[in-house]
Amino acid sequence: MALVPIAEALERLLDGAAPLASESVALFEAVDRVLAEPLAALRTQPPFNASAMDGYAVRAADVASVPSKLSVIGMAPAGRGFDGSVGERQAVRIFTGAPLPEGADTIVIQENVRDLGGGHIEVIEPTAEWRNIRRVGLDFSKGDFLLEKGRLLDPAALSLTASANHPVVTVVKRPLVAIIATGDELLPPGSELGPDQIISSNAYGVAAVAQSVGARALDLGIAADRKDAIAALVKKAVAAGADVIVTLGGASVGDHDLIHDVLTGEGMTLGFWKIAMRPGKPLMFGHLGDIRCIGLPGNPVASLVCSQLFLKPLLARLGGRDHRQDIRPARLGAAMPANDLRQDYVRAVVREDGGELVATPFSIQDSSMLRMLADANGLIVRAPFAPASAVGDSCSVLMLR
C-alpha cells in the first residue's frame, strides 16, 4: 500500500465528520461546552432604570446649580425599590443596582453630597440628567440573540447566559474516545517492571490531547498481544458508546502487530494505512459502523505528534469546535539536511528574536524520546524532498504551546 500524503489522509479522516447530537446541561456543567443552537435573552437587562452608583436619586433640575439643599424622603437599597415619588427639591438615598424612583432622573454620587443632618443634604457638584443611571435594556432586551451556535461557553459567555435567565443550555455532546494500549511489554505507571518490560505512557498524553478539545477519554487499559485480548477491549469500547476508538501500538506490519486484523475482523472498513510522515508512518484509520478508529504508532513521540495532527482536529469537528493548527513562519536556528519522501515534523525550541521566531531543532529526533518532546514548544514542518537548509533560512513551525 502506497504511503498516503498527510493532506489527503486528513481530508479522508475528516470526511463526513460533523458535530454530534445535542444535549441539555445545567449551567454549572456547561463550562467549555459548545452551543448547539443560538441563544436568545429570556429577559431584559437591566429590567428597569437602575442606579450605577451609591448616592442620591434626585431631579436634575434641582441640582443644575449648586449648592442645593434637598430633603431626604427615603431609601432604595438594591433589591428593594423606593415606594413613592421624588418631588421638587427631594432626594432618595440609593445604592448601586436599585431601581430609579419615580420622579427622579439623575443620581448624584455620594462623594458630591454633604450631610446636613435632620434629613437634609447639600449637593455640592451639579449633575446632568440621566447621569449614573443604567437605562432599562442597556445590555440587552428580551428576545435579543446573544450568542451564536458554535460559541464556546467561556466564563463571559456563561455569565451572559445566566444573566439572560437560562438555567439550562443546549450544547453539542462531548465526543467519547476509547483508548486501548497494546503490548505484552507494557505495564501501568507505578508497576514493578520485569527485565523486558516498560511503562505504558502513551495513553495519558493521548487522553490529554482529547480533553484539550473538550472530548471525554475512556482508558480501557492494556491489551496483551493476542487477538482475543484486543478484540475484547474493542467490544468494550463499542458497548461504552465510543465515538472514536484509539489504539496505541500494534498497527505496523510485524508478527505481533494485530490491530488491523482485529478491527477488520470486527467489521472495520479501512480508510488508509501508512502515511508519508515522520514520525508516525504506520498510522491507520477506518470506520467501524459510525465509530471512527485511529491506530496510532507505539513510539511515544509518534503517537503524540499524530494525535496533534489527526485526532485533535477530528475530535474538534465532532465536538462542534473550530480547530486550526497554529502554524507560523520562522527562521532556522540550526542547519538541516535535505528531507526524503515523507513530511517531517521536527521537534524544536522556538523563541522570539528581534520580532521574528527562531526555531532550533534538537540534534536527535528519535521517536521514543519523550523528554525532548516535552522540552519542545514547536514542530518544524519539513515538506517531502525539501532541500538542505542553512541557519537563517525560512521555515514553518507548528506551535505546540
Side-chain angles (χ1 to χ4, degrees), residues 1 3-15 17 175 177-183 186 200-213 215 217 219 243-254 257 259-260 263 268 270-287 292-318 323-327 339 341-348 365-370 372-374 376 378-384 396-401:
M1 183 180 293
L3 298 182
V4 180
I6 288 180
E8 180 183 338
L10 186 58
E11 183 179 355
R12 290 194 207 176
L13 183 139
L14 294 177
D15 183 40
V177 184
I179 302 172
I180 302 171
T182 65
L186 299 179
S200 176
S201 61
N202 295 5
Y204 301 94
V206 172
V209 170
Q211 291 164 350
S212 73
V213 286
D219 181 15
D243 301 292
V244 178
I245 296 174
V246 174
T247 59
L248 306 173
S252 189
V253 292
D257 294 327
I259 294 297
H260 172 267
L263 287 173
M268 182 189 78
L270 184 66
F272 60 79
W273 189 11
K274 301 183 182 65
I275 56 177
M277 70 173 287
R278 182 190 301 105
K281 175 184 173 182
L283 184 78
M284 182 176 66
F285 172 70
H287 290 266
R292 288 169 167 79
C293 301
I294 299 179
L296 293 175
N299 280 322
V301 173
S303 179
L304 289 176
V305 170
C306 287
S307 293
Q308 288 284 341
L309 294 175
F310 295 98
L311 178 62
K312 193 171 184 177
L314 172 62
L315 295 176
R317 182 78 64 86
L318 294 176
H323 175 71
R324 294 183 178 92
Q325 293 180 342
D326 184 9
I327 297 180
N339 197 18
L341 78 165
R342 289 189 281 169
Q343 185 154 306
D344 208 351
Y345 290 84
V346 182
R347 279 72 75 199
Q365 292 288 320
D366 191 283
S367 60
S368 69
M369 297 175 66
L370 277 174
M372 180 179 62
L373 182 61
L379 301 172
I380 298 172
V381 184
R382 297 270 287 167
S396 295
V397 178
L398 171 59
M399 300 301 296
L400 297 177
R401 60 179 188 273

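When a residue number appears, it is its place in the shown sequence, counting from 1.
Considering only heavy atoms from C-beta on, Leu379 stays 4.5 Å or farther from Gln308 through its side chain. Contact annotation: the side chain of Pro279 never approaches that of Asn299 to less than 4.5 Å [non-hydrogen atoms, C-beta and beyond]. In this structure the side chain of Met268 never reaches within 4.5 angstrom of the side chain of Ile245, judged on heavy atoms. Under the 4.5 Å side-chain criterion, counting only non-hydrogen atoms from C-beta, Val209 is not in contact with Leu315. Between Leu296 and Asn202 the shortest side-chain heavy-atom distance does not fall below 4.5 Å.
Between Leu283 and Cys306, the shortest heavy-atom contact is CD1-CB, 4.1 Å. For the pair Leu248 and Ser303, the tightest heavy-atom approach, listed with the atom from each and the gap, is CD2-OG, 3.8 Å. Here the shortest heavy-atom pairing between Val177 and Ala215 reads CG2-CB, 4.2 Å. Residues Val4 and Ala9 approach most closely at CG1-N, 3.7 Å, considering heavy atoms. Counting all heavy atoms, side chain and backbone alike, Ala17 lies closest to Leu314 at CB-CD1, 4.0 Å. Closest approach of Gln365 and Met372 over heavy atoms only: CA-CE, 3.8 Å.
Classification of the Phe272-Phe310 ring pair by plane angle, with boundaries at 30° and 60°, yields tilted.
Annotation: Arg401, atom CZ; neighbour count of heavy atoms from other residues, nucleotides and ligands within 6.0 Å is above 12. Heavy atoms of other residues, nucleotides or ligands lying less than 6.0 angstrom from CD of Gln325 number more than 12.
Of the possible donor and acceptor atoms, one in the side chain of Asn339 sits under 3.5 Å from a partner among the backbone N and O of Arg342. For Gln343 (side chain) and Pro5 (main-chain N/O), no donor-acceptor pair under 3.5 Å exists by modelled atom type. Remark: the backbone N or O of Tyr345 is paired with a side-chain donor or acceptor of Arg347 at under 3.5 angstrom.
In this structure, CZ in Arg292 is found 7.5 Å from CG in Leu13, a value given to the nearest 0.5 Å.
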